[in-house]
**Student:** 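Encoded as structure tokens, here's the structure I'll be asking about.
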Amino acid sequence: MKVLFVTTEMDDFVRVGGLGAVSAALPRALRPFADIRIMLPGYRDIIEQLTHIQIVGRCPSFADMPACSLGRAATKDGLPVYVLLCSQLYDRPGNPYGDESGRDWPDNDIRFARFASAAAELAMGKLDKNWAADLIHANDWQASLVPAYLAWRGAKLPSILTIHNLAYQGLFPKDSLRRIGAPESAFHIDGLEFYDQVSFLKAGLVYASHLTTVSGTYAREITTAEFGCGLEGLLRLRSDAAELTGILNGIDESWDPRSCAQLAQQFGAGDWVGKKANADYVRKQFGLAVSRGPMFGIVARLVHQKGIDLVLSAADEIIDAGGQIVVTGSGEPALEQALIDAHRRRPDAIGVAIGFNDAQARRIFAGSDFTLMPSRFEPCGLSQMYAQRFGSLPIGHQTGGLAETITDGETGFLFSRPSHESFLGGVRRAFEAFMAQDQLDTMRRSAMGRSFSWSISAGSYSALYRKLAAV
């Protein structure tokens with residue numbers, strides 16, 4: 001079965017959030033089931049890292065979207081990758097979505113509509129004369145126009161849209177409709193229109209054959225007003241028609257502290273001396289005081305969704321009780337600055353590294369006793385899985401994937417509401433466990449024994465692919 005996996009991030013080359021990790025791992029886990037090929041925009045970072053790109057097709061200009069070429073290459077382990085080559089759209093500094101100061105590119109509608117239109121053409125067999133898809137798997141708002149372009153061009157190809165985070169919808173002024181070559185007739189409540197704007201994500205929710213999201217709990221949550229971001233009515237309709245499925249993400253096999261090369265010292269369950277060596281390394285790296293108290297780690301995008309403000313409000317109580325906090329990530333400038341200010345007030349107890357470094361993140365998971373995840377909502381979350389594998393017990397809000405992957409009181413701690421008091425209740429329970437050595441040991445062993453293999457998710461996606469392609 002031939003599947004085109006359309007994404008705007010892939011850890012091999014470029015990563016902004018969890019989508020990059022999923023796009024690197026899931027297609028590889030699906031290789032036993034399908035001829036799966038990735039399609040990515042030709043960002044500068046990707047072009048620089050691919051050693052040989054063969055031009056296989058060309059797209060003429062369309063509406064306000066420039067002409068471009070399609071290249072084919074492969075990852076080091078042979079996974080086929082198509083890249084859309086258009087230097088005026090993708091050869092830019094910054095990240096895939098915005099400039100170096102974090103502002104979205106003003107022409108993101110053109111950038112990702114051009115990408116989606118080309119993906120539809122490729123899937124239909126119009127770009128690579130040697131390949132066409134049986135099914136197309138699009139991811140998040142940036143690829144959500146793919147099912148729409150297929151429909152507008154009369155293609156009967158089945159499509160899946162995976163919602164990694166409903167809060168990011170790709171909203172643009174109505175004039176975008178003309179710029180991206182969408183029919184005027186599509187701008188209505190049952191089409192792309194969302195409060196008089198064009199919603200790329202809604203296009204996918206309307207036109208995709210099937211919708212998936214990254215946990216069963218989140219699939220239920222997004223049909224409610226609290227989590228539905230104004231799209232809950234449409235999502236309820238798709239869910240009632242059995243066209244919305246939650247499939248939990250996994251993590252790749254490199255997240256094993258017994259073999260992870262980036263750690264200060266490798267260790268397994270029960271080898272708490274090895275875990276302490278990582279804690280000592282992290283304390284030294286971040287300039288923290290020597291301590292016998294617990295270390296609380298945060299590896300996250302520093303955005304409102306992740307509840308960073310709740311951590312800041314609880315920081316004094318954590319430190320007064322003997323704890324230390326280590327943070328790495330990047331995101332909203334105000335939250336970054338608030339964390340830097342907290343570090344300056346208590347440099348002995350709060351360590352902050354703005355930015356993301358995979359090796360550093362792994363050492364924080366390995367060295368910390370607990371991982372803080374007070375997310376207001378969390379479609380799936382990967383940090384709580386990484387943390388458990390590395391013996392850092394997650395403290396998470398009982399929502400989305402956190403509710404499914406943390407067993408309260410056994411492999412971590414769940415709290416019921418994204419509020420200061422509820423979060424502190426989870427933190428206090430963690431301190432109690434830290435003081436009870438037998439309980440801490442049992443919980444760590446249980447957490448490190450968890451398996452979050454991608455093979456389970458891949459099996460579910462493969463079954464869905466075959467069901468849709470058989471229709």
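For clarity, every value in this text was computed on a predicted model and none was experimentally measured. We're numbering straight along the sequence, starting at 1.
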**Student:** Looking only at non-hydrogen atoms, find the nearest pair between A203 and L145 and report the distance.
**Tutor:**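 Nearest heavy atoms, A203 then L145: CB-CD2, 3.7 Å.
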**Student:** Checking the side chain of S117 only, and the main-chain atoms of A113 only, is there a donor and an acceptor separated by less than 3.5 Å?
**Tutor:**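 Here the side-chain-to-backbone pair does not exist.
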**Student:** Main chain of V6, side chain of N139: is a donor-acceptor contact present, judged purely on distance under 3.5 Å?
**Tutor:**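 Yes, because the side chain of N139 sits within donor-acceptor range (under 3.5 Å) of the backbone of V6.
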**Student:** Look at the side chain of T328 and the backbone N and O of N357, then say whether any donor-acceptor pair between them is shorter than 3.5 Å.
**Tutor:**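 Such a contact is absent between T328 side chain and N357 backbone.
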**Student:** Quick one, S61 and P66 - any side-chain contact, counting heavy atoms below 4.5 Å?
**Tutor:**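 Result no, sub-4.5 Å side-chain heavy-atom pair not found.
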**Student:** For D109 and I180, which heavy atoms make the closest approach, and how far apart are they?
**Tutor:**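 So the minimum-distance heavy-atom pair works out to O-CG2, 3.8 Å.
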**Student:** Spell out, as yes or no, whether a donor-acceptor pair under 3.5 Å connects the side chain of S215 to the backbone of L248.
**Tutor:**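 Side chain of S215 to backbone of L248: no pair is present.
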**Student:** Counting distance only, does the side-chain N/O of N249 pair as donor-acceptor with the main-chain N or O of C380 below 3.5 Å?
**Tutor:**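 Checked: no pair found.
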**Student:** Both conditions, 6.0 Å and 45 degrees, for the charged tip of R37 above the ring of Y82: are they met here?
**Tutor:**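 Checked: cation-pi criterion not met.
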**Student:** Would the distance check show the side chain of R238 and the main-chain N or O of L234 forming a donor-acceptor pair, the cut-off being under 3.5 Å?
**Tutor:**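 The answer is no, because no donor-acceptor pair under 3.5 Å joins these two groups.
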**Student:** Among K306, H397, Q384, exactly one meets side-chain hydrogen bond (donor to acceptor under 3.5 Å, both in side chains) together with E378. Which residue is that?
**Tutor:**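 It is K306; the other options fail the test.
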**Student:** Do H210 and T245 have side-chain heavy atoms sitting under 4.5 Å apart?
**Tutor:**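 Yes, close enough: below the 4.5 Å cut-off.
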**Student:** Can any side-chain N or O of D134 pair as donor or acceptor with the backbone N or O of K2 at less than 3.5 Å?
**Tutor:**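 Judged by distance alone, yes, a pair lies under 3.5 Å.
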**Student:** Please evaluate residues K202 and D190 with respect to the criterion salt bridge (Lys or Arg N to Asp or Glu O under 4.0 Å), reporting the C-alpha separation (whole Å), side-chain torsions for both, the decisive distance (0.1 Å), and the verdict.
**Tutor:** CA-CA 9 Å; K202 193 179 176 194; D190 295 321; over 6 Å; no
**Student:** What residues form a ring pair (Phe, Tyr, Trp, His ring centres under 6.0 Å) with Y465, not counting sequence neighbours?
**Tutor:**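 Y465 satisfies ring pair (Phe, Tyr, Trp, His ring centres under 6.0 Å) with H137 once adjacent residues are dropped.
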**Student:** Between the side chain of R301 and the main-chain N/O of V303, is any donor-acceptor distance below 3.5 Å?
**Tutor:**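 Checking the backbone N and O of V303 against the side chain of R301, no donor-acceptor pair under 3.5 Å is found.
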**Student:** Just to verify, which of F390, F452, W454 counts as forming a ring pair (Phe, Tyr, Trp, His ring centres under 6.0 Å) with W255?
**Tutor:**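 The passing option is F390.
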**Student:** For residues 43-74, pull every pair meeting ring pair (Phe, Tyr, Trp, His ring centres under 6.0 Å), keeping only residues two or more places apart or in separate chains.
**Tutor:**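 Those involving residues 43-74 do not exist here.
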**Student:** With a 4.5 Å heavy-atom cut-off, do S446 and T407 have their side chains touching?
**Tutor:**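 Side chain of S446 against side chain of T407, heavy atoms only: no contact under 4.5 Å found.
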**Student:** Between D77 and R28, does at least one N-O distance fall below 4.0 Å, as a salt bridge requires?
**Tutor:**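 Looking at R28 together with D77, the answer is yes, because their closest N to O distance falls below 4.0 Å.
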**Student:** Considering non-hydrogen atoms only, spot the tightest contact between A116 and Y149 and give its length.
**Tutor:**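 Reported closest heavy-atom pair: C-CD1, 3.9 Å.
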**Student:** Does Q49 use its side chain to pair, donor to acceptor, with the backbone of D45 at less than 3.5 Å?
**Tutor:**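 Here the side-chain-to-backbone pair exists.
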**Student:** What distance separates L166 CG from Y168 OH, expressed to the nearest 0.5 Å?
**Tutor:**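 Between atom CG of L166 and atom OH of Y168 there are 11.5 Å.
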**Student:** Could you measure the distance from the CG atom of L393 to the CZ atom of F370? Nearest 0.5 Å is fine.
**Tutor:**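 Taking CG in L393 and CZ in F370, the distance rounds to 5.5 Å.
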**Student:** For residues 82-98, which residue pairs pass the salt bridge (Lys or Arg N to Asp or Glu O under 4.0 Å) check, not counting sequence neighbours?
**Tutor:**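 Residue pairs with at least one partner in residues 82-98: R44-D91, R92-D107.
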**Student:** Given side chain to side chain donor-acceptor pair (under 3.5 Å), test S239 with T223 step by step and report yes or no.
**Tutor:** CA-CA 8 Å; S239 180; T223 64; 5.6 Å; no
**Student:** Rounded to the nearest 0.5 Å, what's the gap from CG on L192 to OH on Y207? Could you check?
**Tutor:**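 Interatomic distance, L192 CG to Y207 OH, rounded to 0.5 Å: 6.0 Å.
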**Student:** More than 12 heavy atoms of other residues, nucleotides or ligands under 6.0 Å from CD1 of I340: yes or no?
**Tutor:**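 It does: I340 CD1 has more than 12 such atoms within range.
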**Student:** Rounded to the nearest 0.5 Å, what separates atom CD1 in I110 from atom OG in S176?
**Tutor:**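 If we round to the nearest 0.5 Å, I110:CD1 and S176:OG are 7.0 Å apart.
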**Student:** Which pair of non-hydrogen atoms, one from T371 and one from A387, has the smallest distance, and what is that distance?
**Tutor:**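 That would be OG1-CB, 3.3 Å.
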**Student:** Under the side-chain hydrogen bond (donor to acceptor under 3.5 Å, both in side chains) test, which residues partner T7, sequence neighbours left out?
**Tutor:**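 Counting only residues at least two positions away or on another chain, T7 forms a side-chain hydrogen bond (donor to acceptor under 3.5 Å, both in side chains) with S23.
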**Student:** Only counting residues at least two apart or in another chain, list the ones meeting side-chain hydrogen bond (donor to acceptor under 3.5 Å, both in side chains) with E404.
**Tutor:**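 Applying side-chain hydrogen bond (donor to acceptor under 3.5 Å, both in side chains) to E404 gives T217.
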**Student:** I want to check something: taking the side chain as every heavy atom from C-beta on, are V214 and T162 in contact at a cut-off of under 4.5 Å?
**Tutor:**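 Touching, per the 4.5 Å side-chain cut-off.
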**Student:** Please name the pair of heavy atoms, one in L244 and one in A219, separated by the smallest distance, quoted to 0.1 Å.
**Tutor:**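 Residues L244 and A219, closest heavy atoms: CD2-O, 3.7 Å.
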**Student:** Less than 4.5 Å apart, side chain to side chain, heavy atoms only: is that true for L84 and M39?
**Tutor:**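 L84 vs M39: side chains touch.
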**Student:** Measuring only between side-chain heavy atoms, which start at C-beta, is L171 closer than 4.5 Å to Y195?
**Tutor:**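 Result no, sub-4.5 Å side-chain heavy-atom pair not found.
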**Student:** Provide the closest heavy-atom pair for R362 versus S254 in the form atom of the first, atom of the second, distance.
**Tutor:**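 So the two residues come closest at NH2-OG, 2.9 Å.
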**Student:** May I ask you to decide if D358's main-chain N or O and Q262's side chain share a donor-acceptor pair within less than 3.5 Å?
**Tutor:**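 Pair absent, no side-chain N/O of Q262 close to backbone of D358.
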**Student:** Look up atom CG in D104 and atom CZ in R111, then write down how far apart they are to the nearest 0.5 Å.
**Tutor:**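 That separation rounds to 9.5 Å.
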**Student:** Ring pair (Phe, Tyr, Trp, His ring centres under 6.0 Å) with F112: which residues, sequence neighbours excluded?
**Tutor:**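 Result, ring pair (Phe, Tyr, Trp, His ring centres under 6.0 Å) vs F112: Y97, W141.
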**Student:** Can you find a heavy atom in the side chain of I354 that is under 4.5 Å from one in the side chain of E336?
**Tutor:**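 In short, these two side chains touch, coming nearer than 4.5 Å.
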**Student:** In terms of ring plane angle, is the pair F415 and F423 parallel, tilted or perpendicular, where the classes change at 30° and 60°?
**Tutor:**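 Ring orientation of F415 relative to F423: tilted.
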**Student:** With a 4.5 Å heavy-atom cut-off, do I406 and Q388 have their side chains touching?
**Tutor:**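 In contact.
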**Student:** Under 4.0 Å between a Lys/Arg side-chain N and an Asp/Glu carboxylate O for K174 and E193?
**Tutor:**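 A salt bridge is absent here (no side-chain N lies under 4.0 Å from a carboxylate O).
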